[in-house]
**Q** 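Attaching a single structure in structure tokens format; questions to follow.
Fair warning: this is a prediction, and the values are worked out from it, not measured in the lab. Within every chain, numbering begins at 1; the chains are lettered A, B, ... in the order of the sequence lines, protein sequences first and strands thereafter.
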Protein chains: 2
Amino acid sequence: MPDLSDPPPRSRGRAPAVAADRGSTADRLITVAAALFRAKGYAATTTRELAEALHLQKGSLYHHIQTKEDLLYRICSESMARLHDEVLHAIAGAGPDDRLRTAIRAHLVAALRDRDMHAVTVLEMRSLGEGRWAEVVERRDAYRHMLAGIVREEQDAGRLRDDIDASVLTLALLDLVNWAIFWYQPAGQLSAQALGDLLATIYLEGALVRAS
Amino acid sequence: MPDLSDPPPRSRGRAPAVAADRGSTADRLITVAAALFRAKGYAATTTRELAEALHLQKGSLYHHIQTKEDLLYRICSESMARLHDEVLHAIAGAGPDDRLRTAIRAHLVAALRDRDMHAVTVLEMRSLGEGRWAEVVERRDAYRHMLAGIVREEQDAGRLRDDIDASVLTLALLDLVNWAIFWYQPAGQLSAQALGDLLATIYLEGALVRAS
DNA sequence: GTCTATATTGTGATAGAC
DNA sequence: GTCTATCACAATATAGAC
């Protein structure tokens with residue numbers, strides 16, 4: 001059961017030490033909030049902890065945001081937008097039958113670059129209020145549909161199996177890349193690119209030894 | 001981005017209507033808590049909502065539990081234990097080169113039977129206190145290692161590719177089955193068994209059309 | 001833009017009658 | 001085993017000085 005419980009290892013007990021002293025206060029807020037939301041969950045993270053991690057007083061937060069939910073919203077919509085853009089950009093320069101592998105790799109690289117933000121997006125999106133939630137879901141679905149479109153095209157081109165529904169193929173693909181960010185260990189010998197390639201290979205070729 | 005945001009659809013706004021009137025109060029507590037934690041998250045679910053869903057007064061809850069965390073703990077450890085048992089039982093009666101497919105199917109069927117509990121386990125495990133968290137993680141790791149053992153044996157037998165590390169192969173497998181419970185639609189035409197088979201096929205054979 | 005208050009509401013949990 | 005009533009405290013957010 002790969003999940004969200006172990007990493008980041010030292011987050012249990014005390015707040016993670018975040019590089020909270022670079023950039024504009026607005027940007028620091030996002031970064032620090034993402035790290036805390038990732039470690040403890042959105043609802044369990046208090047504005048006090050947030051302020052403390054930023055070396056601010058509680059009241060000072062509200063000069064930059066109106067509600068705690070603003071932070072979650074910005075994390076979700078920015079990470080989704082960046083992911084979509086990056087993957088689109090990557091596959092624009094890919095050969096016709098290399099698009100899926102390229103997309104998988106680009107997704108993983110993008111998600112691992114802003115790991116906290118993506119983890120929070122995927123886990124805490126549901127905590128957004130009605131309107132903002134719908135907006136983020138819309139972004140997410142747009143991305144999903146873009147990928148599903150590629151899958152369908154590859155099926156039509158005879159390269160992807162069409163005995164399995166395109167939506168199932170797409171969701172399986174997304175499960176593979178989306179959740180790897182929770183167990184990937186940056187300290188290991190595997191680069192984000194390399195892991196992306198491995199996952200693409202598993203997804204495309206399967207785990208069985210090829211009959212060849 | 002398959003995730004946790006849409007289902008269960010009518011959970012946004014009001015508490016889901018749970019079959020809260022069957023079984024012992026202790027069992028109802030687990031069932032109702034799992035449904036609420038699944039819908040709103042553990043931290044965001046209040047003991048008041050819990051009591052309301054059970055048609056009890058707040059104070060009455062504490063005859064059955066000592067803290068809200070007790071519920072999360074029971075959900076996590078029971079669901080992990082059941083999953084491990086069921087998958088073990090299933091593969092005990094499987095042919096030598098059918099074990100992985102059988103395990104995948106059994107995992108999915110078990111996870112979908114107690115869907116709320118498994119979703120909560122996977123998402124909210126991190127909210128457990130130090131000691132109980134470690135205990136549940138231990139259970140989870142035991143299950144992981146059991147699967148990784150199979151993967152390694154299959155590699156040694158020459159049936160699974162060994163150009164990819166067994167731990168990566170195992171984690172990829174777990175991502176595939178673990179997170180499908182968040183997008184699977186019971187109302188659709190696909191049974192849990194059938195989805196398990198599809199995922200097993202994707203995992204084992206890959207999404208590409210086989211050269212054959 | 002940050003500070004020191006403080007308002008207000010919601011929280012988990014307990015006490016003790018029935 | 002459930003009820004009513006309540007405690008002690010933590011939560012988000014605001015007000016107004018500097």
Side-chain angles (χ1 to χ4, degrees), chain A residues 13-15 18 20-37 39-76 120 124 126-133, chain B residues 13-15 18 20-37 39-76 120 124 126-133:
Chain A
R14 267 303 149 211
V18 193
D21 301 310
R22 293 249 166 244
S24 74
T25 308
D27 289 347
R28 293 199 306 139
L29 249 173
I30 295 293
T31 309
V32 170
L36 285 172
F37 294 170
K40 310 199 28 162
Y42 169 72
T45 301
T46 69
T47 52
R48 291 165 152 80
E49 294 170 302
L50 218 40
E52 191 182 358
L54 287 158
H55 310 296
L56 286 180
Q57 299 304 311
K58 289 172 302 166
S60 310
L61 284 178
Y62 290 88
H63 180 75
H64 306 279
I65 57 172
Q66 288 188 309
T67 72
K68 181 174 122 178
E69 200 206 279
D70 290 357
L71 292 167
L72 181 59
Y73 171 67
R74 288 190 46 193
I75 290 169
C76 291
V120 168
E124 311 281 355
R126 64 174 165 188
S127 295
L128 287 170
E130 203 68 59
R132 288 167 154 188
W133 173 82
Chain B
R14 266 304 147 211
V18 192
D21 301 310
R22 294 247 166 245
S24 73
T25 308
D27 289 346
R28 292 199 307 139
L29 250 173
I30 295 293
T31 309
V32 171
L36 285 172
F37 294 169
K40 308 197 33 163
Y42 168 73
T45 301
T46 69
T47 53
R48 290 163 154 78
E49 292 171 301
L50 218 38
E52 192 182 357
L54 286 158
H55 309 297
L56 286 180
Q57 299 304 310
K58 289 171 301 163
S60 310
L61 282 179
Y62 291 88
H63 180 76
H64 306 279
I65 57 172
Q66 289 188 308
T67 72
K68 179 175 122 176
E69 200 207 278
D70 290 358
L71 292 167
L72 181 58
Y73 171 68
R74 289 191 46 192
I75 289 169
C76 291
V120 169
E124 310 281 355
R126 63 175 166 188
S127 296
L128 287 170
E130 203 68 60
R132 289 168 153 187
W133 173 81

**Q** Taking all heavy atoms of A:Ala44 and all of A:Lys40, pick out the closest pair and write down the distance.
**A** CB-O, 3.3 Å

**Q** Indicate whether OP1 or OP2 belonging to C:dT4 is found under 4.0 Å from a side-chain N or O atom of A:Gln57.
**A** yes

**Q** Over how many whole Å does the gap from A:Asp70 atom CG to D:dT12 atom C1' extend?
**A** 12 Å

**Q** What closest approach, in Å, do A:Glu69 and A:Gly129 show between heavy atoms, and which atom pair accounts for it?
**A** OE1-N, 3.2 Å

**Q** Which whole-number value in Å describes the distance from A:Leu72 CG to D:dT12 P?
**A** 13 Å

**Q** Across the strands shown, which category fits A:Leu61 at heavy-atom distances under 4.0 angstrom: base, sugar-phosphate, nothing?
**A** nothing

**Q** Can you give one letter per nucleotide of nucleotides 11-18 of chain C, going 5' to 3': B for a protein heavy atom under 4.0 Å from the base, S for sugar-phosphate only, - for none?
**A** BBBB----

**Q** Compare every heavy atom of B:Tyr42 with every heavy atom of B:Lys68, then report the nearest pair and how far apart it is.
**A** NZ-O, 3.1 Å

**Q** Indicate whether OP1 or OP2 belonging to C:dT2 is found under 4.0 Å from a side-chain N or O atom of A:His64.
**A** yes

**Q** Measure across A:Ala53 and A:Leu36 and return the closest heavy-atom pair with its distance rounded to 0.1 Å.
**A** CB-CD1, 4.1 Å

**Q** Measure the spacing between CG of A:Leu72 and CG of A:Leu128 and express it to the nearest 0.5 Å.
**A** 4.0 Å

**Q** Rounded to the nearest angstrom, tell me the gap between atom NZ in A:Lys40 and atom C1' in D:dA10.
**A** 12 Å

**Q** Taking all non-hydrogen atoms of both residues, which atom of B:Leu71 and which atom of B:Phe37 are closest, and how far apart?
**A** CB-CE1, 4.1 Å

**Q** What is the distance, to the nearest angstrom, from the NE2 atom on A:His63 to the P atom on D:dA13?
**A** 17 Å

**Q** Tell me whether the side-chain N/O atoms of B:His55 come closer than 4.0 Å to OP1 or OP2 in D:dT2.
**A** no

